[in-house]
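The chains referred to below are lettered A, B, ... by the order of the sequence lines, with proteins before strands, and numbering in each begins at 1.
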Amino acid sequence: MNEETERREGQNFIEAIIEKHNKTNKYDGKVQTRFPPEPNGYLHIGHAKSININFGFAKQYGGKCNLRFDDTNPSKEEVEYVKSIKEDVKWLGFDWEDRLYFASDYFEQFHQYAIDLIKKGLAYVDDLTPEQIREFRGTLTTPGKESPNRGRSIEDNLELFEKMKGGEFANGEKTLRAKIDMTSPNMNMRDPVLYRILHESHHRTGDKWCIYPMYDWAHGLEDSIEGITHSICTLEFEDHRPLYDWFLDNLGIHHPQQIEFARLNMTYTIMSKRKLLKLVEGKHVSGWDDPRMPTISGMRRRGFPPEAIREFSSHIGVSKSNSTVDIEYLEFFVREQLNRQAPRIMAVLNPLKIIITNYPEDKEEILESQINPEKPELGLRKIPFSRELYIEQEDFMEEPMKKFYRMAPGRELRFRNAYFITCNEVIKDDNGGIKELHCTYDPETKGGNAPDGRKSKATLHWVSAKHAVRSTVRLYKNLFTTLNPDDTEEGQDFTINLNPDSLKVLEDTYAESGAKEIDPGTVCQFERLGYFCVDIKDSSADNLVFNRVVTLRDTWAKIKKKMR
RNA sequence: UGGGGUGUAGCCAAGUGGAAAGGCAGUGGGUUUUGGUCCCGCCAUUCGAGGGUUCGAGUCCUUCCACCCCAGCCA
């Protein structure tokens, strides 16, 4: 086996490349990466994968990762996006320290490099219209034709380029193009445009420029200027690599290695910024940070911990195969993290009233329970108990089905942290609906244990009616009903697959009194139900609003489903 | 019918000629004051398909098939 390409098990292909470079000293053992978003939208979970890869490899190999805004197109980019991107990267737990860069900071250098290329006879000013350029480019199977302007003298090109820069031409009137090969089977090599004229002001450079560099021209230069060693991007740029290399080789400047990996796709999720924008503008969601959005800000608001997103990102791996990760895999990491960190409380989403007929009307007790059984060191919380309680409607069946071992007439079972309680009577309303349950408690079982060793088949959560905090709970489901929202009939668009039930709001819910103390943005576990996050925008002291992050794993739901 | 990529379990993904890692999902059991957590067991005689080389092939050669990307003055 070749020493230099030897691979460690469990290693991904990028690590193999980096370690090979380190061994051969291609970059003096250095690793310098960058995360290069265009500020034209909010970051989403797919970007999180890229962020994790770029910052992760830098850290893993003792290098650094820059945050660089690739702001070469003034017509699409906005400061609002710059702000949100910085916030999101930071929240995810990554630090670019003092290395915050903008492509627009390099415009002057790009311009110089363009002049170098012209002087080398490798770039020319073209007068062709956009339509003509397209015609001359040829097709996938037929070669292109050279522009009649391709043979202009270096002097003419220099002069015309200067005039382009000076604003003497209208938008689209001229371009600067590289002189490569109009017959290349790689379309990117058919004299790509380096500069276009855009009389528009830029969010950072204002009206200083009216010519703006194209991605292919700018990106390698940005990487080169910053001393990037490994320029990691997504698969669709694979056939841009020859061009990336061409520019850097012909300029004779520092030449990073471009490496392409497969972007993240997830089931029931749309990942294109353009489409996410459409959801926002079409008011299908409340904004970029709607908790149903796959954006970082949406997930943050939903209550996904950054640790979970990082763990997810590193567990999905890095490869070149186009894959779609099951959204449940993300939820697994969310649960795993939240189980560790979330304080527990009890809350009832669909209340059913219980009256403990043998419990004195005016009596109240303060019971105790662990804040988080995974972290006993956190201690106990206090929970009030009284004669009237609420339990979950789902936890009672008048005629219990097989394997249902929650509450039913005549049954005794444990109310969590409280008492063994027996259901004696079902009180109905005029329509025959269940109004309330009359029960009795066993005072000997305080805390939830029977001194005689009696067992309970189930343990229910409950809330004291008089102490409970009435709150709003928002239940979220997948935003789309289809595995791949882009799968649509001819003439339809992905919004047809929007899930009408992706948001359900419950106004009549009751949480343990301690819920009032929970800070916005904090996630707690509603025992037996799931994880809920106090909404950072809409929650207030007099109206608590919870977002459901994810449910708990629900074995009972599976059993029910199987029996049907 | 040009060029560039990718095919290993339901979903991710290691494996780079010498006994098919791991995670998720699923499934069976144990513990449990959350039908949660945790713990243990099971879950690919086969790697897109065929042919070839080899003592030996997921790995090498070859033919074929499927899927993704490219014809912006977007990134």
Side-chain angles (χ1 to χ4, degrees), chain A residues 1-2 5-12 16 36-38 40 70 72-73 75-76 126 128-130 133-135 137-144 171-177 184-190 192-198 212 214-216 218-219 233-242 260 262 267 273-274 315-333 335-336 339-340 344 346 369-370 373-374 403-406 414-418 447-449 455-461 525-530 551-559:
Chain A
M1 180 189 284
N2 184 340
T5 57
E6 188 181 337
R7 285 236 246 151
R8 197 182 74 222
E9 196 155 306
Q11 185 185 45
N12 64 55
E38 183 190 12
N40 68 342
D70 206 356
T72 57
N73 186 348
S75 54
K76 290 179 159 185
D126 200 358
L128 256 35
T129 64
I133 287 185
R134 197 188 322 121
E135 285 162 26
R137 187 154 32 223
T139 70
L140 295 177
T141 49
T142 61
N171 288 357
E173 205 177 323
K174 297 228 179 320
T175 54
L176 182 72
R177 294 230 255 165
S184 172
N186 181 344
M187 301 294 286
N188 296 301
M189 302 301 270
R190 320 241 264 228
V193 173
L194 268 48
Y195 276 98
R196 74 287 216 181
I197 297 170
L198 247 29
Y212 289 94
M214 298 288 290
Y215 168 86
D216 284 310
H219 205 86
C233 61
T234 44
L235 250 31
E236 66 269 29
F237 293 105
E238 206 148 20
D239 49 13
H240 292 236
R241 192 170 66 229
E260 311 84 11
T267 54
K273 277 199 260 184
R274 207 197 88 239
H315 278 83
I316 51 178
V318 185
S319 76
K320 299 186 71 135
S321 54
N322 236 317
S323 58
T324 303
V325 177
D326 195 326
I327 195 162
E328 286 193 23
Y329 201 34
L330 209 210
E331 291 174 355
F332 165 80
F333 290 103
R335 287 194 184 97
E336 187 185 52
N339 177 51
R340 273 186 227 135
R344 314 266 127 140
M346 291 193 285
S369 181
Q370 284 186 304
E374 307 293 321
K403 290 196 176 170
F404 179 88
Y405 45 81
R406 275 114 96 144
R414 173 166 47 229
F415 277 37
R416 188 155 162 81
N417 310 306
N449 282 309
K455 298 288 180 214
S456 172
K457 201 87 160 100
T459 300
L460 302 190
H461 64 278
Q525 183 194 100
F526 288 1
E527 292 191 271
R528 301 212 305 134
L529 295 176
T551 60
L552 252 31
R553 256 186 86 224
D554 191 350
T555 307
W556 168 235
K558 264 179 233 161
I559 296 169

Identity of whatever pairs with B:U6 - Watson-Crick or G-U, under 3.5 angstrom: B:A66
Pairing partner of B:U53 (Watson-Crick or G-U wobble, both distances under 3.5 Å):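 No nucleotide pairs with B:U53.
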Minimum side-chain heavy-atom gap A:Met346-A:Phe526 below 4.5 Å: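 When only atoms from C-beta onward are counted, A:Phe526 and A:Met346 do not touch, as no gap falls below 4.5 Å.
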Side chain proximity check, A:Tyr212 to A:Arg196, heavy atoms < 4.5 angstrom: yes
Pair A:Arg528-A:His461, side-chain donor/acceptor within less than 3.5 Å: yes
Gap between atom CD of A:Glu260 and atom CZ of A:Arg241 - 0.5 Å precision: 4.5 Å
From A:Leu194 atom CG to A:Tyr215 atom OH, the distance as rounded to the nearest 0.5 Å: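 Result: 14.0 Å between the selected atoms.
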Under-3.5 Å donor-acceptor pair between A:Gln11 side chain and B:G15 base: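 Side chain to base: no pair present.
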Distance-only donor-acceptor test, A:Arg406 side-chain atoms vs B:G35 base atoms, 3.5 Å: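 Yes.
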Sugar-phosphate only, base, or nothing, as touched by A:Arg335 at under 4.0 Å among non-hydrogen atoms: nothing
Sugar-phosphate only, base, or nothing, as touched by A:Glu238 at under 4.0 Å among non-hydrogen atoms: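 Contact class for A:Glu238: sugar-phosphate only.
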Base versus backbone protein contacts along nucleotides 66-75 of chain B [heavy-atom cut-off under 4.0 Å; B, S, -]: --SBBBSBBB
